[in-house]
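Take a look at the structure set out below.
One-based numbering, in listed order, for ligands and for the atoms of each. We use all heavy atoms of the structure for the numbers below, so side chains are in, but hydrogens, waters and symmetry mates are not. The first residue in the sequence is number 1, and the count goes up from there.
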Amino acid sequence: MDKDNANSKPFLTDVQTLRERARKNIETGGVTFTYKGDVKKTIDILQAVLATEIVCVLRYTMHAVAATGISSEGVKAEFAQHAKEEQEHMHRVAERINQLGGKPDFNPQGLATRSASEYGSADKLIDMIQENLIAERIAVDHYRELIRYFGDDDPATRTMLQGILSVEEEHANDMHDLLVAHQGRPML
Ligand SMILES: [Fe+2]
Ligand SMILES: [Fe+2]
């Protein structure tokens, strides 16, 4: 094998070294020698993602309860379904923070400031749909960026975010469809 070829292959650690390393610093749990990211920064980023998901749970739950008007029943059911899925995201992100050695920040104080998406103030059904669509678009953009940011430095966090992102894209699509159905024309 020539030198260039040898360098282009990712380095594989032998079993003996893997075993020795795993026994050292066991208090760091899943954050091992090969973790290339900055753990503290990753936790900080994930706290913001957690806040974003909590705000989405709150907004969709409020909308699912408060939406009124003709043809609101189907929309309420959709809001409730989204609230449930946002709650699943919230749990996954909190678990990941915990795995990395952080304490998930569920403190209501400062929640809205930590979150990328907003809680909103809509009263009318159509405005609720629009607020949710905007919040989903913020989440989609934010998570896409984070997926690129984590890259190979933290594949587990990246994969989690990829899973969440695909659901957020569906959510954005659902909200867009509802907006078109209720307004007769696409808004965004
Ligand atoms: Fe979400
Ligand atoms: Fe969502």
Side-chain angles (χ1 to χ4, degrees), residues 37 41-67 72-100 102-151 154-183 186-188:
K41 182 137 191 239
T42 302
I43 291 170
D44 285 349
I45 290 169
L46 291 181
Q47 299 287 18
V49 173
L50 177 64
T52 301
E53 295 296 341
I54 298 171
V55 167
C56 288
V57 173
L58 296 175
R59 194 191 54 258
Y60 271 124
T61 305
M62 188 269 281
H63 287 177
V65 173
S72 70
E73 281 313 309
V75 181
K76 279 161 92 94
E78 189 92 41
F79 289 164
Q81 176 64 30
H82 284 201
K84 196 172 143 262
E85 284 162 358
E86 304 299 4
Q87 201 169 351
E88 286 164 18
H89 298 165
M90 180 191 84
H91 271 284
R92 285 167 68 183
V93 175
E95 289 286 355
R96 185 66 188 144
I97 292 171
N98 183 59
Q99 279 171 12
L100 291 169
K103 183 176 163 212
D105 189 355
F106 280 92
N107 194 339
Q109 197 140 38
L111 179 67
T113 340
R114 294 196 301 276
S115 163
S117 63
E118 291 163 304
Y119 178 69
S121 57
D123 290 320
K124 286 195 301 185
L125 187 69
I126 199 80
D127 296 335
M128 289 178 177
I129 300 170
Q130 192 164 321
E131 271 184 357
N132 289 321
L133 174 56
I134 291 168
E136 295 295 352
R137 287 165 59 91
I138 292 171
V140 165
D141 266 353
H142 188 35
Y143 296 169
R144 259 195 216 129
E145 244 178 46
L146 289 180
I147 287 162
R148 279 196 289 268
Y149 170 83
F150 284 114
D154 185 341
T157 299
R158 189 198 65 222
T159 309
M160 175 192 73
L161 287 169
Q162 281 170 333
I164 294 176
L165 172 66
S166 66
V167 177
E168 309 300 11
E169 285 186 0
E170 276 174 35
H171 286 174
N173 212 36
D174 292 344
M175 289 301 118
H176 185 258
D177 288 351
L178 283 179
L179 200 61
V180 174
H182 284 77
Q183 275 196 327
M187 277 288 295
L188 292 161

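Rounding to the nearest 0.5 angstrom, the gap separating the CG atom in D141 from the CD atom in E136 is 12.0 Å.
Among heteroatoms of the N, O or S kind in E168, OE2 lies nearest the Fe ion (ligand 1). Note on H89: its N/O/S atom closest to the Fe ion (ligand 1) is ND1. For the Fe ion (ligand 1), the nearest N, O or S atom contributed by E53 is named OE1. Summary: ND1 is the N/O/S atom of H171 found nearest to the Fe ion (ligand 2). The Fe ion (ligand 1) sits nearest to atom OE1 when only the N, O or S atoms of E86 are considered.
A 4.5 Å side-chain heavy-atom check between E78 and D177 finds every atom pair outside the cut-off.
A salt bridge links R144 with E169: the distance from a Lys NZ or Arg NE/NH1/NH2 to an Asp or Glu carboxylate oxygen falls below 4.0 Å.
For the side chain to side chain donor-acceptor pair (under 3.5 Å) with E86, the qualifying choice from K84, H82, H89 is H89, the only one to do so.
Under the 30°/60° scheme for interplanar angles, the aromatic rings of Y60 and F79 are found to be tilted.
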